[in-house]
Amino acid sequence: MSKPVVLIAEELSPATIDALGPDFDVRSVDGTDRTALLSAIAEANAILVRSATKVDAEALAAAPRLQVVARAGVGLDNVDVKAATAAGVMVVNAPTSNIISAAELTVGHILSLARHIPAAHSSLAGGAWKRSSYTGVELYEKTVGIIGLGRIGALITARLQAFGVTVIAYDPYVTSARAQQLGVQPVSLDELLEQSDFITIHMPKTPETTGMIGAEQLARMKSTAFIVNVARGGLIDETALEDALRNRTIAGAGLDVFVTEPPLESPLLALPNVIVTPHLGASTDEAQEKAGVSVARSVRLALAGELVPDAVNVAGGVIDPYVRPGIPLMEKLGQIFAALASVSPLTSVDVEVRGELVDYDVSALKLAALKGLFTNIVSETVSYVNAPLLAEQRGIDVRLITDSVSEEYRNVLTVRGALADGSQVSVSGTLTGTKQIEKVVEINGYDVEVPIASHHIVMLYTDRPGIVAVYGREFGDAGINIAGMQIARHEAGGEALSVLTVDSPVPTEILESVRAAIEADVMTEIDITE
C-alpha cells in the first residue's frame with residue numbers, strides 16, 4: 001500500500017521532518033512557484049506551509065486528495081480557511097508556538113524605546129559619539145499598561161515585573177481575581193492611557209478593535225509615554241499615530257506590525273521617535289521549530305482520522321457524524337455569546353446540549369463553544385486545545401451539561417454564563433430542516449428563530465409603538481440595509497428584544513446614535529468570523 005503524500009512547500013526545521021516519521025511519502029516543492037505548486041499538490045494528502053505559500057481556492061481545487069493544510073505558525077492569512085472548509089479540508093496551525101518569542105520581542109521594544117538603543121547604535125556605527133543625545137529613562141517605578149491580558153500579556157507581565165514596574169491592564173474579559181493573581185491592577189482603557197508610561201497592545205484584530213487606538217486615545221496619553229504594537233497591524237490608527245509622533249503628543253512608538261506589509265511607503269519609517277522591526281514576533285529558531293513540530297504532529301493525527309486539537313475549522317475524525325454538524329453552530333453561538341457578554345468579565349460558562357445528541361459523545365461541542373467564545377477576544381489563534389486553557393487563565397469555570405429532553409426542537413445547543421456584575425447571558429441555537437440551517441432560537445430568555453448570518457444587531461428596549469420605525473429610519477439614513485428582523489417580548493409594554501440581520505458591519509457611532517434614539521438598554525453588534 002502506498003504511503004500518504006505529505007508536501008513540504010517551504011523550508012521547515014529538520015525536527016519537523018523527524019516528527020512526521022517514516023509513515024509518509026514526504027515531498028518538497030517551492031510553494032512560491034505557482035505552476036510547480038499546483039502540479040505537486042494534486043497528489044498530496046497534506047501540505048505544510050509557512051507564510052509565503054498561498055493555499056487558496058485555486059490550489060484547493062487542484063488537490064482532490066488533500067485532507068489537511070498545516071501552517072507552521074500562528075497566522076492564517078495565506079490560507080483560505082473558508083474554501084478549505086467547503087472542500088472538507090482540515091486547516092491546522094501552531095497557536096502557541098510563538099507566544100514566548102512575541103512576549104520577549106515586546107520587552108525588547110520597550111527597552112529599546114526607553115534607552116534609544118537602535119538610534120544610539122546607528123549613530124556610533126556611523127562614527128559619532130553623542131552620549132548626551134541618547135539620554136533615556138529607567139523602567140524602574142514606571143507604569144506599564146497592557147491592553148489585552150491573554151497569554152502573551154501574562155508572559156510580558158511576568159518579565160516586566162522583574163524591572164520593578166507597576167503593571168496595569170485593560171481586558172474586558174478578564175476577571176479582577178485573575179488580574180490580581182498575575183499581580184496586575186485592572187483598569188478602564190481611559191485610565192490605562194492616562195496613567196501608563198509604556199503601553200503595549202495585545203488584542204485580536206476584529207471590526208471592534210481595528211483602530212481602537214486612534215487620535216482620541218493617543219491624546220489621552222502622557223507626552224512622555226511610549227506605545228508598542230507587536231500584535232496586529234491596524235490596532236493603532238497609523239495616520240493618527242504619525243500625527244501624535246510628529247506633534248510630540250507622545251514620546252515614541254515601537255512597531256513590529258503594520259496595516260500594509262511590507263510598509264515601505266509608510267511615513268512612520270522616517271520618524272526619529274519610532275523603532276520598527278519587520279514582523280519578527282515569531283522569528284526565532286525556537287518558535288519556528290515548535291511550530292514545525294506542532295503541525296507535523298497534527299498532520300499525523302489528521303491523516304489517521306483522529307481528533308486534532310489544533311484544527312481551526314473542524315475537530316477531527318473521531319467525532320460522531322451526527323454530532324459533527326453541531327460544531328460550527330456551537331462555534332457561532334460562542335461568538336454571539338461573547339459579544340452579548342462583553343459588558344463585564346465572565347466568571348462561569350455552561351455549555352448545554354439538549355435532545356437526541358446526548359446519546360453521543362458531545363465533549364467536542366464544549367470545545368467548539370469555547371473556541372467560538374474566544375475567537376474575537378484574544379490576539380492568538382484559538383484552537384480546540386488552547387480554548388480551555390484560555391478559560392482557565394481567565395478564571396472562568398466551564399461545565400458541560402446534557403439533558404435528553406428538548407421540548408421544541410430535536411436538539412438545542414446553549415451557551416450560558418454568569419458575569420462579574422451579577423448578570424447572566426444565554427444564547428441557544430439549533431439546526432433545522434433537511435439543509436440543517438443554523439438558527440438562533442433564544443437570547444437571554446427571549447424566544448426567537450433567526451438564521452445565523454455574518455452580521456447581526458441585538459437590541460433590548462422598552463416595548464412601545466413606533467420604535468421599529470425609529471431604528472429603521474436611523475439605520476436607513478446611515479446606509480445600513482436590514483436583511484431580516486425579528487422581535488420577541490414576554491408581555492406588552494415590557495422589554496422587547498429585536499434581532500436584526502444586516503448586510504455589513506455597523507460603525508460604533510451609528511449604534512450609539514440608535515441606542516440614544518430608542519433609549520435601548522442593550523445595543524450589541526455581532527460579527528461572525530468564519
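Positions are given from 1, in the same order as the sequence printed here.
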Backbone of Gly31 reached by a side-chain donor or acceptor of Glu10 within 3.5 Å: no
Backbone N/O of Glu449 and side chain of Gln486: donor-acceptor pair under 3.5 Å: yes
Hey, which of Ile487, Leu460, Asp463 is the one that makes side-chain contact (heavy atoms from CB on, under 4.5 Å) with Leu497? Leu460
Under a plain distance cut-off of 3.5 Å, with no hydrogens placed, do Ser426 and Glu442 share a side-chain donor-acceptor pair? yes
Can you label the angle between the His490 ring and the Tyr446 ring as parallel, tilted or perpendicular, going by 30° and 60°? parallel
So do Arg71 and Val312 actually touch side chain to side chain, heavy atoms under 4.5 Å? no
For the atom pair CZ (Phe337) and CG (Leu373), what is the distance rounded to the nearest 0.5 Å? 6.0 Å
Mark yes when over 12 heavy atoms from residues, nucleotides or ligands other than Asp421 sit less than 6.0 Å from its CG; otherwise mark no. yes
Report yes or no: does Thr209 contribute a side-chain atom to a donor-acceptor pair with the main-chain N or O of Met212 at less than 3.5 Å? no
CD (Gln288) and OG1 (Thr16) are apart, to the nearest 0.5 Å, by 9.0 Å
Regarding Asn376 and Thr529, do their side chains bring together a donor and an acceptor under 3.5 Å, going by distance alone? yes
Checking salt bridge (charged side-chain N to carboxylate O under 4.0 Å, His left out) against Asp350, which of Arg416, Lys366, Arg399 comes through? Arg399
Check for a donor-acceptor pair, side chain of Ser39 on one end and backbone N or O of Thr35 on the other, with a separation under 3.5 Å. no
Take Val6 and Leu303 through the test side chain to side chain contact (heavy atoms under 4.5 Å, CB included) and record every step on the way to the result. CA-CA 10 Å; Val6 176; Leu303 295 183; 4.2 Å; yes
Side chains of Val514 and Val506: does their closest heavy-atom pair fall under 4.5 Å? no
Is the shortest side-chain heavy-atom distance between Leu431 and Glu438 below 4.5 Å? yes
Would Thr175 and Thr347 count as a side chain to side chain contact (heavy atoms under 4.5 Å, CB included) if you check the C-alpha gap in whole Å, the side-chain angles of each, and the deciding distance to 0.1 Å? CA-CA 7 Å; Thr175 62; Thr347 58; 4.2 Å; yes
Within the structure provided, determine whether Ser498 and Tyr461 are in side-chain contact (heavy-atom separation under 4.5 Å). yes
If you measure from OG1 on Thr96 to CZ on Arg151, what distance do you get to the nearest 0.5 Å? 5.5 Å
Checking Arg34 side chain against Lys54 main chain: does a donor-acceptor pair fall under 3.5 Å? yes
Between CG on residue Leu329 and OG1 on residue Thr430, distance to nearest 0.5 Å: 7.0 Å
Is the closest side-chain heavy-atom distance between Leu390 and Leu370 below 4.5 Å? no
Measuring from Glu104:CD to Leu155:CG, what's the distance to the nearest 0.5 Å? 9.0 Å
Does any N or O in the side chain of Lys439 come within less than 3.5 Å of the main-chain N or O of Val448, such that one atom is a donor and the other an acceptor? no
Given side chains that start at C-beta, do those of Val440 and Val499 come closer than 4.5 Å, heavy atoms only? no
Could you go through the side chain to side chain contact (heavy atoms under 4.5 Å, CB included) check for Ile518 and Met459 one step at a time? CA-CA 10 Å; Ile518 67 173; Met459 300 177 285; 3.9 Å; yes
Could you report the tightest heavy-atom contact between Val89 and Leu66, atom names first, then the distance? CG2-O, 3.5 Å
Would you mind reporting whether Ser28 and Ile8 have side-chain heavy atoms less than 4.5 Å apart? yes
Are the side chains of Ile457 and Ile482 in contact, using a 4.5 Å heavy-atom criterion? no
For a quick check under 3.5 Å, do Asp256 and His279 share a side-chain donor-acceptor pair by atom type? no
Look only at the side chain of Ser298 and the backbone of Val308, and say whether a donor-acceptor pair between them is shorter than 3.5 Å. no
Sidechain-backbone polar pair: Gln436 side chain, Gly433 backbone, donor-acceptor under 3.5 Å: yes
Kindly say whether Arg232 contributes a backbone atom to a donor-acceptor pair with the side chain of Asn229 at under 3.5 angstrom? yes
Taking it one step at a time, do Lys371 and Ile327 satisfy side chain to side chain contact (heavy atoms under 4.5 Å, CB included)? CA-CA 10 Å; Lys371 181 173 180 287; Ile327 290 174; over 6 Å; no
Taking Asn411 for its side chain and Glu356 for its backbone only, find out whether a donor-acceptor pair lies under 3.5 Å. yes
So does Asp310 pair up with Arg297, basic N to acidic O under 4.0 Å? no
To the nearest 0.5 Å, what is the distance between CD1 (Ile336) and CD1 (Ile528)? 4.5 Å
